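Since we're looking at a predicted model, the values are computed, not measured. Each ligand, and each atom within it, is numbered from 1 in the order the structure gives.
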Amino acid sequence: MAALWPLHLFMTLNIQKNILLAPYTTFKIGGPAKYFCEAKSIGEIREFCNWAKEQKIPVLVLGGGSNVLISDKGFDGLVIKIHNSNLKFEENKIIADAGVNLSKIVLESVNRNLSGLEWAIGIPGTIGGAVNGNAGAFGRATSEAVEEVKAFDILEHSVKNFKKEDCKFGYRKSIFKRNPDLIILSATFRFKKGSSGDIQKAIKDFTRQRIESNPSGFSAGCFFVNPGWEGLRNKEELIREFPELKQFADRPKISAGFLIESVGLKGKKIGGAMIAQEHANFIVNMGKAASKDVLALADLCRKKVKKKYGLELEVEKRLLGFD
Ligand SMILES: Cc1cc2nc3c(=O)[nH]c(=O)nc-3n(C[C@H](O)[C@H](O)[C@H](O)COP(=O)(O)OP(=O)(O)OC[C@H]3O[C@@H](n4cnc5c(N)ncnc54)[C@H](O)[C@@H]3O)c2cc1C
C-alpha cells in the first residue's frame with residue numbers, strides 16, 4: 001500500500017482500494033481498480049497524481065465512462081474520476097470544468113439562446129471526455145465550439161493552457177487523446193447568439209434522430225469510427241464492385257454501422273454481448289457481458305468487413321486495462 005505515505009494522509013486523500021469499475025461505465029463492464037478516487041478540484045488532482053507518482057503506479061482518468069471498454073481484470077493503478085463541476089458564463093462563452101456533463105452545457109447554452117452545441121443533445125459523459133475524443137454527431141464536432149482548454153500535465157506537474165489550434169483536433173482525435181499524461185481541467189466554449197425558435201427546433205430534431213437511432217441497453221455508443229474515403233486509392237473501383245456504397249460517395253466517410261449490417265452481423269451474439277438490431281455500430285451488453293465477449297464481436301466485425309470490402313474498421317472506444 002501507500003509505502004511512503006503515513007496512513008492518515010492516505011485516508012485524508014480518500015483513496016479507496018479494489019473498487020469495481022463496471023458501475024462507473026455505461027457498458028457496465030470492467031474489473032476492479034487497484035486504487036480509486038474522485039477529484040473535485042485541481043488541488044485534489046495534483047495530490048492524487050503526486051501520490052500515484054510516489055507509488056510508481058499508472059494513473060487512469062475517467063469522466064462519465066461512456067466511451068471506454070475496461071478489461072475484466074480491471075486496472076492495476078490509480079483511477080481518478082474527474083468530478084470538478086464549476087460553470088462560468090461570460091456573454092457568449094461558457095467556461096466549464098471537465099467534470100461537468102456535456103448535456104448540462106447544451107441545456108445551459110440553449111437556455112441563454114446560445115447556438116453551437118445543439119447537435120450534442122443526448123451524448124452522455126463529461127466535458128473532459130468530449131474534448132478528449134472530440135465527440136461528434138451529425139457531421140458536427142465538439143472542437144467547433146472550443147476556444148481554449150486548461151489541462152494538468154502529470155509529467156511536468158503544471159497547468160497548461162491550450163488554444164484551440166494547440167488541441168490538434170481531428171475526427172474523434174485531440175492532443176489529449178494522444179497524450180494520456182494531460183488531464184483536462186476545464187474548457188471554454190464560444191457560442192453564437194441564435195433565435196430561441198431555431199435553437200428549440202434543432203434540439204427537438206436532434207433528440208428525435210437520436211432516439212430513433214440509439215439502441216437501448218448498456219453500450220458505449222458507436223464502437224468503430226466511420227472509415228474515411230481519403231487515403232483509399234480504389235474508391236471508384238470499390239463503388240463499382242459494391243454499388244451499395246454509392247450512397248456514401250459524396251460524404252467524407254462510410255457508415256461503419258452500414259458495413260457491419262452488410263456483412264450480416266446485426267443481432268449477432270457472443271456470450272453476453274450483442275450487435276444491436278437498431279444500429280449495427282453499437283455493441284450492447286445484454287446484462288452479463290464480459291469484456292472479452294465485446295472484443296470477440298468487435299474482432300468478428302473487423303474481419304468480416306475487411307474480407308468483404310477490404311476496409312479496416314478502427315475502434316473508437318478507449319480499451320483500458322488490456323495488456
Ligand atoms: C448511448 C451513447 C451514445 C453516444 N453517442 C455518441 C455520439 O453521438 N458521438 C460521440 O462522439 N460519442 C458518443 N458516445 C460516446 C461518449 O458518450 C462520448 O465520447 C463522450 O464524450 C465520452 O465522455 P466521458 O466523460 O464519458 O468519457 P470517458 O468514457 O470517461 O473517457 C473517455 C476517454 O477520455 C479520457 N478522459 C475523460 N475525462 C478526461 C479528462 N478530464 N482529461 C483527460 N482525459 C479524459 C479517458 O481517460 C478515456 O480515455 C455515446 C455513448 C453512449 C453510451
With a 6.0 Å cut-off (strictly less than), is the heavy-atom count around NZ of K164, excluding the residue itself, greater than 12?
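Atom NZ in K164 is crowded, with more than 12 foreign heavy atoms closer than 6.0 Å.
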
Please tabulate, one pair per line, all N/O donor-acceptor pairs under 3.5 Å involving side-chain atoms of residues 234-244, not counting sequence neighbours.
from, atom 1, to, atom 2, distance (Å)
K235, NZ, A249, O, 2.8
E244, OE2, Y309, OH, 2.8

Reference residue R190; test side chain to side chain donor-acceptor pair (under 3.5 Å); the match among E148, E90, E91, E147
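The option that passes is E147.
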
Distances under 3.5 Å, N/O of ligand 1 against N/O of the protein: list each pair and its distance.
from, atom 1, to, atom 2, distance (Å)
ligand 1, 5 (N), R210, NH1, 3.2
ligand 1, 8 (O), R210, NH1, 3.4
ligand 1, 8 (O), R210, NH2, 2.7
ligand 1, 9 (N), G136, O, 2.6
ligand 1, 11 (O), G136, N, 2.9
ligand 1, 11 (O), G136, O, 3.4
ligand 1, 17 (O), S66, OG, 2.7
ligand 1, 17 (O), P124, O, 3.0
ligand 1, 19 (O), N67, ND2, 3.4
ligand 1, 21 (O), A130, N, 3.4
ligand 1, 25 (O), G64, N, 2.8
ligand 1, 25 (O), T126, N, 2.8
ligand 1, 25 (O), T126, OG1, 2.6
ligand 1, 26 (O), G64, N, 3.3
ligand 1, 26 (O), G65, N, 3.1
ligand 1, 26 (O), S66, N, 2.8
ligand 1, 26 (O), S66, OG, 2.6
ligand 1, 29 (O), S66, N, 3.0
ligand 1, 29 (O), N67, N, 2.8
ligand 1, 30 (O), G63, N, 2.7
ligand 1, 30 (O), G64, N, 3.3
ligand 1, 30 (O), G65, N, 2.8
ligand 1, 34 (O), N132, OD1, 3.4
ligand 1, 41 (N), I184, O, 3.0
ligand 1, 42 (N), I184, N, 2.8
ligand 1, 44 (N), N132, ND2, 3.2
ligand 1, 47 (O), V61, O, 2.6
ligand 1, 49 (O), R318, NH1, 3.2

With sequence neighbours left out, what residues match E156 under side chain to side chain donor-acceptor pair (under 3.5 Å)?
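With neighbours one apart ignored, the set is K160.
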
Can you list every salt bridge (charged side-chain N to carboxylate O under 4.0 Å, His left out) pair that touches residues 116-130, not counting sequence neighbours?
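Output for this query is empty, none listed.
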
Flag, side chain of Y171 to backbone of N226, donor-acceptor distance under 3.5 Å
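At least one qualifying donor-acceptor pair exists.
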
